[in-house]
Amino acid sequence: MNPSPMIRAYRSADRAAVADVCVSTADEGGDSRALYPDEQLMPALFAAPYCVLEPGLAFVLDDGSGRAVGYVVGTGDTAEFAARFRDTWIPRVAHRYPAPTTPPRTPSEAMVALLHTPERMVLPELAAYPAHLHIDLLPGFQRRGHGRALMRTFLAALHDRGVPMVHLGMVTANRPARAFYDRLGFHEIPVTDPGPLTYLGRRTAPEEAERRPVHGSGDAQGA
């Protein structure tokens with residue numbers, strides 16, 4: 001009998017598997033290797049710093065054999081996290097991704113520029129939503145309720161810490177991800193000049209408004 005997937009706390013041994021999930025979903029829910037050939041780049045922005053700086057809010061979906069096939073990571077205090085990102089995380093990766101001195105010309109260069117501007121995370125319109133998150137699942141584990149379970153685990157951890165509200169930024173073009181968040185009770189937060197992103201938020205407390213998944217609906221794809 002095959003072991004069942006389960007949610008557990010992130011462990012340092014999960015680092016490579018979490019990075020693989022990130023890379024495999026970072027292009028609007030699809031594999032990003034063609035767009036970002038350096039497979040350490042996207043994890044350095046959207047996965048690894050949370051596992052290092054906020055390990056108590058890092059959870060993985062274990063496939064039952066010990067391998068992480070999905071994750072949710074985030075922080076309860078975005079402003080404080082952005083400051084630690086600059087002071088603690090950037091020095092750890094700047095040797096590989098030095099601060100750009102010219103405008104970005106490629107998608108990878110644009111991501112390196114984002115890496116060196118963590119203050120981008122702090123927007124006045126999001127002040128009432130101090131926490132934020134990133135959630136991703138390998139395609140073979142989507143549409144099976146695992147994304148919903150990961151999200152509930154993360155929201156419960158925030159709620160237990162007394163954090164009332166959470167937000168996320170998602171690529172607007174990723175419609176399956178938007179449908180997933182809508183079903184979980186997230187609502188759109190108007191933001192001045194959001195670029196390619198849409199910002200969503202909700203309470204961390206359990207929501208009666210969560211809608212049941214419909215047949216064929218998906219989990220998050222590249223949050």
Side-chain angles (χ1 to χ4, degrees), residues 9-60 68 70-127 129-136 138 154 158 163 166-171 174 191 193-197 199 220 222-223:
Y10 169 85
R11 301 191 291 247
S12 59
D14 297 319
R15 180 177 179 179
V18 165
D20 178 67
V21 174
C22 181
V23 170
S24 298
T25 57
D27 183 13
E28 296 182 15
D31 194 287
S32 66
R33 289 172 175 84
L35 193 60
Y36 308 110
D38 183 341
E39 294 187 23
Q40 295 186 40
L41 177 57
M42 298 305 278
L45 274 92
F46 302 116
Y50 297 89
C51 296
V52 172
L53 301 178
E54 288 275 16
L57 288 173
F59 304 94
V60 302
Y71 64 82
V72 60
V73 295
T75 180
D77 186 332
T78 296
E80 191 265 348
F81 181 82
R84 286 195 293 146
F85 192 106
R86 175 164 295 286
D87 295 340
T88 304
W89 181 251
I90 291 177
R92 295 177 63 140
V93 297
H95 66 285
R96 186 178 182 93
Y97 306 112
T101 57
T102 59
R105 295 169 296 175
T106 68
S108 292
E109 289 178 356
M111 287 298 151
V112 172
L114 285 182
L115 174 70
H116 284 273
T117 54
E119 294 77 18
R120 64 187 160 77
M121 303 180 201
V122 184
L123 299 176
E125 298 93 338
L126 303 176
Y129 303 80
H132 76 263
L133 67 90
H134 298 279
I135 180 171
D136 290 294
L138 291 179
F154 183 80
L158 287 177
V163 181
V166 62
H167 76 268
L168 60 89
M170 57 157 287
V171 175
N174 191 347
V191 168
D193 191 20
L197 301 181
Y199 290 90

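Here, residue 1 is the first one in the sequence, and each next residue gets the next number.
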How many angstroms lie between [atom1] in [X] and [atom2] in [Y], if you round to the nearest 0.5 Å?
X: Thr78; Y: Leu123; atom1: OG1; atom2: CG; result: 9.5 Å
X: Thr88; Y: Arg86; atom1: OG1; atom2: CZ; result: 11.5 Å
X: Phe154; Y: Ile135; atom1: CZ; atom2: CD1; result: 9.5 Å
X: His134; Y: Thr25; atom1: NE2; atom2: OG1; result: 11.5 Å
X: Tyr199; Y: Leu168; atom1: OH; atom2: CG; result: 10.0 Å
X: Cys22; Y: Glu39; atom1: SG; atom2: CD; result: 11.0 Å

Could you report the tightest heavy-atom contact between [X] and [Y], atom names first, then the distance?
X: Pro98; Y: Val112; value: O-CG1, 3.6 Å
X: Pro100; Y: Ala113; value: CG-CA, 4.0 Å
X: Gly76; Y: Leu158; value: CA-CD2, 3.8 Å
X: Ala68; Y: Ala17; value: O-CB, 3.6 Å
X: Leu115; Y: Leu45; value: N-CD2, 3.8 Å
X: Ala47; Y: Val18; value: CB-CG1, 3.9 Å

Might you work through the side-chain hydrogen bond (donor to acceptor under 3.5 Å, both in side chains) test for Tyr97 and Asp38, ending with a clear yes or no?
CA-CA 11 Å; Tyr97 306 112; Asp38 183 341; 2.9 Å; yes

Applying side chain to side chain contact (heavy atoms under 4.5 Å, CB included), run through Arg92 and Val52 and close with a yes or a no.
CA-CA 11 Å; Arg92 295 177 63 140; Val52 172; 3.4 Å; yes

Under 3.5 Å donor-acceptor, [X] side chain and [Y] backbone:
X: His132; Y: His167; answer: no
X: Tyr50; Y: Thr75; answer: no
X: Thr117; Y: Glu119; answer: no
X: Asp77; Y: Glu80; answer: yes

Start with the C-alpha gap between Val166 and Tyr129, add the side-chain angles, then the distance that decides, and say whether side chain to side chain contact (heavy atoms under 4.5 Å, CB included) holds.
CA-CA 5 Å; Val166 62; Tyr129 303 80; 6.0 Å; no

Would you check, one step at a time, whether the test side chain to side chain contact (heavy atoms under 4.5 Å, CB included) holds for Arg120 with Leu114?
CA-CA 8 Å; Arg120 64 187 160 77; Leu114 285 182; 3.4 Å; yes

Asp20 with Arg33: basic N within carboxylate O range, under 4.0 Å:
yes

Verdict with supporting geometry, Thr106 and Glu109, side chain to side chain contact (heavy atoms under 4.5 Å, CB included)
CA-CA 5 Å; Thr106 68; Glu109 289 178 356; 3.2 Å; yes

Just wondering, are more than 12 heavy atoms of other shown residues or ligands nearer than 6.0 Å to CZ in Arg84?
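Yes - once you tally the heavy atoms of other residues, nucleotides and ligands closer than 6.0 Å, there are more than 12.
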
